[in-house]
Amino acid sequence: MSKSMEFDATCRRGLQEAALWRLLSLYFERPRPGWREQVEALDAELQKDRLKEALRSAGQADEGVYLRLLGPGGRVSPREISYRPLADPAAILADLKAYYEAFAYSPQTEEPPDHISTELGFAGFLRLKQVYAESEGNPQAAELCREALERFLETHLLDFASAFVQKVSACPDSYLMSPVQALLYFLKRDDLEALVL
């Protein structure tokens, strides 16, 4: 395989991963006008049965169901601060804000900075910035994004998302069961290609 073909495959894989992060982010946002269209557009990019099942289950999504499960007073908290009772909530939110500002991340969402969907969206944003830097021939910027994503996953998203997945999994009647299973599989990161390619 030539270097150009190898680079193109690496970029394609990075774009697929960024799209998957964003798709997972959307699944955990409140369904609103235009939400289904965004989900369908990203899902069309990924073309895997595992994700097609998640899309089918998202057809059951509506605002009332979402609010009963993930809204204020819902069965499962979608916020990181709820899963870290010994940590200072202000420190968590300040650290997230610092990450978001450092990489110019301005999510177009109503969700708070420590919401599962906001954090998943940031992971996708970082991955996309990494791919862009690689395609522009800027290895320093690409490495900075890669390292930031790794640190962000370790300090914020991985433990929180794993605990979130367990809580949602205890609500088997939820339309989020398939997206939760896709998230769990993705977080294990043992075979990303099986999920996105």
Side-chain angles (χ1 to χ4, degrees), residues 11-82 93 96-97 99-101 103-132 145 149 152 156-157 160-161 164-165 167-169 171 173-187 192 195-197:
C11 280
R12 229 180 355 267
R13 179 182 163 110
L15 290 173
Q16 290 276 310
E17 185 178 339
L20 178 57
W21 282 116
R22 179 61 183 134
L23 179 61
L24 290 170
S25 162
L26 280 170
Y27 280 131
F28 299 110
E29 286 183 10
R30 179 181 61 84
R32 65 203 179 294
W35 178 83
R36 275 190 179 69
E37 292 78 10
Q38 288 181 332
V39 168
E40 289 169 0
L42 279 169
D43 188 77
E45 295 294 318
L46 297 171
Q47 311 194 3
K48 269 308 210 183
D49 290 339
R50 182 182 302 272
L51 297 174
K52 297 297 181 195
E53 180 60 35
L55 179 61
R56 280 192 291 277
S57 72
Q60 302 166 18
D62 68 33
E63 186 175 20
V65 172
Y66 173 87
L67 291 173
R68 279 191 301 278
L69 184 65
L70 300 179
R75 293 168 68 183
V76 177
S77 174
R79 298 192 62 188
E80 181 182 354
I81 60 174
S82 299
L93 294 172
L96 288 168
K97 184 178 177 186
Y99 267 110
Y100 299 165
E101 287 178 358
F103 289 92
Y105 178 61
S106 300
Q108 302 302 305
T109 181
E110 62 191 15
E111 307 300 355
D114 68 323
H115 193 283
I116 187 77
S117 67
T118 308
E119 291 192 22
L120 289 166
F122 180 63
F125 181 77
L126 278 179
R127 188 66 174 106
L128 187 61
K129 284 182 79 85
Q130 179 187 351
V131 171
Y132 179 77
C145 291
L149 178 56
F152 181 76
H156 287 283
L157 193 55
F160 158 46
F164 172 79
V165 163
K167 292 215 180 233
V168 173
S169 295
C171 306
D173 56 333
S174 165
Y175 72 90
L176 290 173
M177 286 308 297
S178 291
V180 156
Q181 293 305 317
L183 175 58
L184 181 62
Y185 185 82
F186 186 48
L187 291 174
L192 179 63
L195 188 57
V196 300
L197 299 178

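Going from atom CG of Leu126 over to atom CZ of Phe152 covers 7.5 Å, rounded to the nearest 0.5 Å. Note: Leu23 CG to Gln38 CD = 10.5 Å, rounded to the nearest 0.5 Å. With rounding to the nearest 0.5 Å, the separation of CZ in Arg79 from CZ in Phe164 is 13.0 Å. The CG atom of Leu120 lies 9.0 Å from the CG atom of Leu20; values are rounded to the nearest 0.5 Å. The distance from atom CD of Glu29 to atom CG of Leu26, rounded to the nearest 0.5 Å, is 5.0 Å. To the nearest 0.5 angstrom, Leu183 atom CG is 5.5 Å from Leu24 atom CG.
For Tyr100, the OH atom is densely surrounded, since the number of other residues' heavy atoms within 6.0 Å is greater than 12.
At a threshold of 4.5 Å between non-hydrogen side-chain atoms, the residues His156 and Tyr99 count as touching. At least one side-chain heavy atom of Pro179 sits less than 4.5 Å from a side-chain heavy atom of Phe28. The shortest distance between side-chain heavy atoms of Cys145 and Tyr132 does not fall below 4.5 Å. Between Leu70 and Leu176, the closest side-chain pair of non-hydrogen atoms falls below 4.5 Å.
Panel note: side chain Asp114, backbone Ile81; a donor-acceptor pair is recorded below 3.5 Å. Formation of a donor-acceptor pair under 3.5 Å by the Gln108 side chain with backbone atoms of Ser106 is found in this model.
Classification of Glu63 and Arg30 as a salt-bridged pair holds, one side-chain N sitting under 4.0 Å from a carboxylate O.
Annotation for Leu93 and Pro113: closest pair CD2-CG, 4.2 Å, computed over non-hydrogen atoms. Shown here for Leu69 and Cys171, the closest heavy-atom pair between the two residues is CD1-SG, 3.8 Å.
When the ring-ring contact (aromatic ring centres under 6.0 Å, His included) test is applied to Phe125, the partners found at least two apart in sequence or on another chain are Tyr105. Residues meeting the side-chain hydrogen bond (donor to acceptor under 3.5 Å, both in side chains) test with Ser25, sequence neighbours left out: Arg22.
Residues Gln130 and Arg127 have side chains that bring a donor and an acceptor to within less than 3.5 angstrom of each other.
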Q | side-chain contact (heavy atoms from CB on, under 4.5 Å) evaluation trace for Glu119 with Glu80 | A | CA-CA 9 Å; Glu119 291 192 22; Glu80 181 182 354; 2.6 Å; yes
Q. For Ile116 and Leu157, what are the C-alpha separation, side-chain angles and deciding distance, and is it a side-chain contact (heavy atoms from CB on, under 4.5 Å)?
A. CA-CA 8 Å; Ile116 187 77; Leu157 193 55; 4.0 Å; yes
